[in-house]
Structure formats: C-alpha cells, structure tokens
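Everything numeric in this text was worked out from a predicted model, so none of it was measured. The figures that follow rest on heavy atoms only: side chains count, while hydrogens, waters and symmetry mates do not. So that the names make sense, note that chain A is the first sequence line, chain B the second, and so on, each numbered from 1.
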Number of protein chains: 2
Amino acid sequence: MTNRTAENIFDKLVDGIVAGKMIPGEPLAEKALAEQFGVSRTPVREALHRLEQSNLAERGSRRAFFVRKMKAADLAELFEAVGEVESALAALAAHRLTEIERQSLTAILEEGRICDDPQAYGEINARFHATIKSGARNSALAATLDDLNLRTLAWRAANFHENTNRLATSRVEHQAITEAILAQDAEATRSLMRSHVASSYVVVADILARREP
Amino acid sequence: MTNRTAENIFDKLVDGIVAGKMIPGEPLAEKALAEQFGVSRTPVREALHRLEQSNLAERGSRRAFFVRKMKAADLAELFEAVGEVESALAALAAHRLTEIERQSLTAILEEGRICDDPQAYGEINARFHATIKSGARNSALAATLDDLNLRTLAWRAANFHENTNRLATSRVEHQAITEAILAQDAEATRSLMRSHVASSYVVVADILARREP
DNA sequence: CATCTTGCATATGTATACATATCCTTTCAA
DNA sequence: TTGAAAGGATATGTATACATATGCAAGATG
C-alpha cells in the first residue's frame, strides 16, 4: 500500500519531460496516462499535481494538464534565479565549510582537472555543486535551489555534450570559485558563482537559439 | 465542479496554521478534516499534499500528516533564505524599476512615514515589498520568495504588533533601501535589504525566545 | 514477570462510480 | 451559406468502497 505508485508515476513523467520524450504542449490526460501505466486515475492525479507545483506542467482550459512550454524568456529568468540562489549558497558556504569539506572540494576539483569524459565530468560537476550546497548549512535555501534546478535539468544536461569548450571553461570557473571559498571571501565567491551559472546559461541559450530561431 | 473545494480546504488550513489555531504537532487526519469541513477525503488529501509541499505540514509514521513543528533553528534558516532571495530581487529591481515604479516606491515610503497604525503600516509594508518584488522582473525568483514567505507568515504577522520600535526601525530601513534603489546602486540595495530582513527576524526570534526559553 | 507474537483497529493508498463543466459538433433558422 | 444554439462527448472534480500497512494492545509462553 506504500505510496510507491504515485511516486513512480511522478518520477517517470519527470524523466519523460527531462529526457525530451514528452513534447512541450503535449496534453497529459489523467485517463490516458492511467491506462498507459496500468493504474487508476488517483495516483496519476497526484503525480500531475506535483508536476504542476514543480512548474513542469501547466493547466489550460478544461483544467487539462499539459507539458509546460518553456519560452526563451522563461529559461533566462530561471537561470538568473538559479544564479542568485546558488551564489547566495556559495557565499554562505565560504564561511561555513568544515575543514573536511574544504579538502573534499579540492579533491573534486582535481578529479575534474584530469577528467575528459563529458558524462563523467557531469557527475563530478554535480558533486562540486552538491558540496557547496550542503556546506552552506541552510536546508531551506538548498531546497529552493533544488526546486529551481528541476526545471533547468532538461537543459543543463546538454551542457557538456553539445559544447566541448564548456568543459574547459567549467574547470577554470570551478577553480576560481574554489580558491575564493578557500580564502573565505564570500563576496568574491558569490560573484564568481553567479558568473559560472550565467556562463552555463549562455551555452543553453545558444542551443535554444539554434533550435528556435 | 470547479476545483474550489480543495482550494478552500487548503486556504482554511493555511489560515488555521498561520493564525496559530492549529498547534504544531497537531495531527491532520484526512477523515477527521473531511468530516469537519463536510467534504470527502479526496479534496482534503489534495490540500494536505499541498501543505506538505509548502512545508507547513510534515508526515510521520503511518504516513500521517501533522502541523510542522518549527524549531528556532528552522526559522533562522528560513529568514536567512528569505533575506538572500529578497535582497537578490531588490538588487535586480535597482536596475529594472520603471520611472513610474520609482515614483510609486517614493509615494509608498511617504505613506509609511506619516502612518502610525501598526495594521495599516503592515499593509503599506506589504506594498513596499511587493513593488520591489515585481520590479525585479523575474517571476521565478518572485515565486520562490512567495514560497519561503508563506512559511514565515505566521511569525511576520507579529512583527508590527508586539514591538512598537519595529515600526520606526522599519521606516528608516525602507528609506535607506529606497535611496539605494533610486541611485541604482544594486549592491548597496542588496546589502540593505538583507539587513532589513535580518532585523525583522531579530524581533521574531525575540518573541520565540520568550515563548520557549 | 517480562517479552514476543499475533490479531485487531484504524489510517492512508488505490480503484471506481457519479457529478458537472467545457468544448465541439450538428442542426436549424435567418 | 453562415451563425447561433442545443445537445452530446469527454475530461476533470468529488464521493465512496475496498486494499493494505502500521501501531497498539492483549494474551500466551519462556
């Protein structure tokens, strides 16, 4: 009876949207999804409401759900928001990281320096950001970042695949951020992290511009 | 058939929690609430899930919902998060407010200067912050602030009631913020707004400390 | 007497039936 | 031929019945 059904449906729908299998604008009918997943409408309803709250789905007339269309302007706002929140977390982390976490950050940096595989680098990148996020010691702000990031996930995934220069750029930026954190310079950290997110947005915006001129 | 029932239940529960009628730790049983409001469990379920996502409710064993207990440390985190997000919005607004919005901000400031009624000032305060929030031109970040604020609402309400000095302090801080915005000094605005939220937290923390020593 | 096991009470998860609103199609009239 | 109105089709909102897991209590056994 455990709530695995609704949870599974939600995860599958998120995966589908993030992986681009579900086209923006595509209707998400309760009945159709229920039949597709072989469950009743109830857990599907729950999953759809969670999608809506995560801003991955919208409702139109007839209160029907559909995959949210992300306009270029929306994505710009989102990345700006991520930049502000993540840079705030980084600034806090600059003063709050433990000695062990500082060493860990340095180790992750080194791992990234010698890694050339885009996929592996993506995982290292994730650990770098996770360390800073948890090191800020503010779960409310961290949860906020997770919420925002969920919506950019589909786009961020392309970051290290479609642009080879991005990997080198990311390394340099990570190095600068790490140095600022180790120096406990909160404002420098904030500024560098904001730039880092902005530069990752440039790649995404470029991809978007080529897709929808 | 419109989704007014679940929406109403949610609003009523939020009001109850914010107004302090529902004690933290109090169980929120679907069946009991359904009978209390004279509806079925379905819309109650939906409302409870939304409460959980807003972090106003938690689930324990047996997956039962209960009103979230806000510890002092949680509240500190929350206000820190609000401070970071709202100061980010203010910094953006410093460069993005239209001329009309600048004049509006000045007018609100003047209204606050000549107002001595705590309740009326609370409304003016809300408009001051709303103007900055919408002036930042980032709906994702604005929605993030709304999310965070929902959880501090119960505490913020006490701000202008239990402490008379708070009103005078708020006025001075609003003035400084407005001046920084009018000067389009984003970093000064950010810093001032962060301090402003922090000083409103001091009042709340003080109340909390007296309640639970 | 204490502890473990078993069974019941109850709360939530899921399925389904019913109510209702919206949209689209069809038909009738101008 | 076109437009408007009415009715049906269908999708979501709500209610309720059934399934199942969890916690507590009572009884049996060591």
Over how many whole Å does the gap from [X] atom [atom1] to [N] atom [atom2] extend?
X     : N      : atom1 : atom2 : answer
A/F65 : C/dT22 : CZ    : P     : 16 Å
B/F66 : C/dA11 : CZ    : P     : 16 Å
A/N8  : C/dG13 : CG    : C1'   : 13 Å
B/R45 : C/dT12 : CZ    : C1'   : 6 Å
B/H49 : D/dT14 : NE2   : P     : 15 Å
B/E46 : C/dG13 : CD    : P     : 14 Å
B/E30 : D/dT14 : CD    : P     : 14 Å
B/L48 : C/dG13 : CG    : P     : 10 Å

### Under-4.0 Å side-chain N/O to phosphate OP1/OP2 contact, B/R59 with C/dA11
no
### Message
Can you see if the side chain of B/T5 gets near the phosphate of D/dG13 - specifically, an N or O under 4.0 Å from OP1 or OP2?
### Response
no
### Task
Just jot down the side chain to side chain donor-acceptor pair (under 3.5 Å) partners of B/D11, sequence neighbours excluded, or say none.
none
With sequence neighbours left out, what residues match [X] under salt bridge (Lys or Arg N to Asp or Glu O under 4.0 Å)?
X      : answer
A/R127 : A/E111, A/E123
A/R102 : none
B/E101 : B/R137

## Note on the structure
Numerically ordered, the residues 35-43 of chain A set in heavy-atom contact under 4.0 Å with DNA chain C is A/V39, A/S40, A/R41, A/T42, A/P43
#### Entry: side chain to side chain contact (heavy atoms under 4.5 Å, CB included) partners for B/A142, two or more places apart
B/K133
### Backbone N/O of A/L56 and side chain of A/S54: donor-acceptor pair under 3.5 Å
no
